[in-house]
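Everything on this sheet refers to the single structure shown next.
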Amino acid sequence: MAYSEQAGKHKASAESAASILVICGGLSHERDVSLSSGHRVQGFLQKAGWSVQTHDLDDTLLELLTDPSTRPDLVWPLLHGANGEDGSIRDILEMADLPYIGSRAKASRTAWSKPIAKNVVRKAGLYTPHSVTLPESIFRELGARQVVDLLTQSLGLPLFVKPSSGGSALGCSMVTEIEQLPQALINSFAYDPVALIEQAVIGTEISVSVLEIDGQLQALPPLEIWTPDGIYNYEARVSSGPTKFYLPARLSPDQLEAAQEAALTAHRALGLRDISRSDFIVDEDGVAQFLESNVAPGMTATSQLPQSAVAAGFALPDLYSDLVHSVLSQDRSEGSRR
């Protein structure tokens, strides 16, 4: 049975009185996005009848998670950036033997590192732009000018420079002239000591979200992101400015299907679970070039996964309720993972 046909079937099950804790906030650069995601998910789950609280990542969280009087039945970590997506909060939840929505710690760490994720999906048969990964120290030790010259000789122009880990396009820059490269690297190193420098792919930027509910995988309709300058940066992601979204993406039926299959392949290859979003550029030959996968997709009013879900026919309270029910129905205790 397709998920869209199941919409609302678990809504009445919320009377089970299971308690849900949404962890959001934290101290990353994406704190505001995380808070917005967390509170929106809380509202939709409450609308579906669940008992839901939100809590920040602070020194009172562990006591709440482990005290029998406050311990939740399920956790939904909606922290963006470090701690939320690098596997650490998931390690904490696993040590506390708490079931949670989302990928396990090991898979989260793999996806969090963009260079490692690219290598994993390439081995699984996906295309991804040619790139190199360099730490800030190599520029100091070998000389920035010489390394910059070698980069452009080897990879050519244009280039796309991004932190090797992180989200919301923080520290990302398009480089069309060699003179722009030093500043692009500085921007990237402000967020991570290691930079990923890719050959820039010209084409259609899309995201494809994947749901895994009751053991079934479904790729949502590919969403196309259009901006006036072709760069989907942090400001465009968190505001309702001139960015336009097209659902489904303006691609041929074969390209749409191939993009969905690519997202499913990435989800499986990276060992992801429950929910993910993979980003691609569909190049001039119609090939989906993998950029990255996200284990904690944004859930704000402008986020891509909720938009794709609505376009697929889901009511968000019912969809999030189905995710909760799916995880609660599984045995995710520490003993079952050994």
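Fair warning: this is a prediction, and the values are worked out from it, not measured in the lab. Here, residue 1 is the first one in the sequence, and each next residue gets the next number.
- Counted within 6.0 Å of CG on Leu27, heavy atoms from surrounding residues, nucleotides or ligands total 12 or fewer; the atom is thus considered open.
- Taking a 4.5 Å side-chain heavy-atom cut-off between Ile, Leu, Val, Met, Phe, Trp and Tyr, the cluster of Phe280 extends to Ile116, Val120, Val121, Leu126, Ile206, Val208, Leu251, Leu256, Leu270, Leu272, Val282, Phe290, Val295.
- Of the possible donor and acceptor atoms, one in the side chain of Thr66 sits under 3.5 Å from a partner among the backbone N and O of Leu62.
- Residues Thr128 and Leu291 fail the side-chain proximity criterion, which asks for heavy atoms closer than 4.5 Å.
- One N or O on the side chain of Ser37 and one on the backbone of Val33 form a donor-acceptor pair closer than 3.5 Å.
- Other residues, nucleotides and ligands contribute over 12 non-hydrogen atoms within 6.0 Å of the CD atom of Gln183.
- Two residues are said to be in side-chain contact when any heavy atoms from C-beta on lie closer than 4.5 Å; His39 and Leu78 fail this criterion.
- Of the N and O atoms on the side chains of His267 and Ser276, at least one donor lies less than 3.5 Å from an acceptor on the other residue.
- Following chains of ILVMFWY side-chain contacts shorter than 4.5 Å, one can reach Leu93 starting from Leu64, so the two form part of one hydrophobic cluster.
- Panel note: side chain Thr110, backbone Lys106; a donor-acceptor pair is recorded below 3.5 Å.
- Side-chain N or O atoms of Glu30 include none that pairs as donor or acceptor with a backbone N or O of His80 at under 3.5 Å.
- The hydrophobic clustering, which links ILVMFWY residues whose side-chain heavy atoms are closer than 4.5 Å, places Val147 and Val194 apart.
- Relative to the ring axis of Phe139, Arg145 does not place its NZ or CZ within 45° and under 6.0 Å from the centre.
- Note: the hydrophobic cluster containing Trp50 also contains Leu74 (ILVMFWY, side chain heavy atoms under 4.5 Å, direct or indirect links).
- Of the N and O atoms on the side chains of Ser164 and Thr133, not one donor lies less than 3.5 Å from an acceptor on the other residue.
- Using a cutoff of 4.0 Å between basic side-chain nitrogens and carboxylate oxygens, Lys118 and Glu198 are scored as salt-bridged.
- Thr152 contributes a side-chain N or O that, together with a main-chain N or O of Val148, makes up a donor-acceptor pair within less than 3.5 Å.
- The backbone N or O of Arg273 lies less than 3.5 Å from a partner atom in the side chain of Ser103, making a donor-acceptor pair.
- The pair Arg104-Asp91 does not count as a salt bridge, with every side-chain nitrogen at least 4.0 angstrom from each carboxylate oxygen.
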Less than 3.5 Å apart, which donor and acceptor atoms pair up between the side chains of residues 307-317 and the rest of the protein, not counting sequence neighbours?
{"from": "Gln307", "atom 1": "NE2", "to": "Thr302", "atom 2": "O", "distance (Å)": "3.1"}
{"from": "Gln307", "atom 1": "NE2", "to": "Ser303", "atom 2": "O", "distance (Å)": "3.3"}
{"from": "Ser308", "atom 1": "OG", "to": "Pro221", "atom 2": "O", "distance (Å)": "3.4"}
{"from": "Ser308", "atom 1": "OG", "to": "Gln304", "atom 2": "O", "distance (Å)": "3.2"}

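- Side-chain polar atoms of Thr243 and Trp226 form no donor-acceptor pair below 3.5 angstrom.
- Glu261 places no side-chain N or O within donor-acceptor distance of the main-chain N or O of Glu257, the cut-off being under 3.5 Å.
- In terms of hydrophobic clustering, with Ile, Leu, Val, Met, Phe, Trp and Tyr side chains grouped at heavy-atom distances under 4.5 Å, Ile138 and Tyr191 are assigned to different clusters.
- For CD of Gln330, the number of neighbouring non-hydrogen atoms (other residues, nucleotides, ligands) closer than 6.0 Å is greater than 12.
- Other cluster members for Val287: Tyr127, joined by side-chain heavy-atom distances under 4.5 Å among Ile, Leu, Val, Met, Phe, Trp and Tyr.
- Salt bridge Asp279/Lys114: absent, no basic N to carboxylate O contact under 4.0 Å.
- In this model, no donor atom of one side chain and acceptor atom of the other lie less than 3.5 Å apart for Ser252 and Asp254.
- When atom types are taken as modelled, the side chain of Asp56 and the backbone of Gly26 share a donor-acceptor pair closer than 3.5 angstrom.
- Side-chain N or O atoms of Ser19 include one that pairs as donor or acceptor with a backbone N or O of Asp73 at under 3.5 Å.
- Judged by distance alone, with hydrogens and angles left aside, the side-chain atoms of Asp192 form no donor-acceptor pair with the main-chain N or O of Pro163 at under 3.5 Å.
- In this structure, Tyr100 OH and Ile92 CD1 are separated by 11.5 Å, a value rounded to the nearest 0.5 Å.
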For this session: Under the salt bridge (charged side-chain N to carboxylate O under 4.0 Å, His left out) rule, what do Asp97 and Arg71 come out as? Steps first, then yes or no, please.
Result: CA-CA 11 Å; Asp97 205 17; Arg71 178 182 173 89; 5.2 Å; no
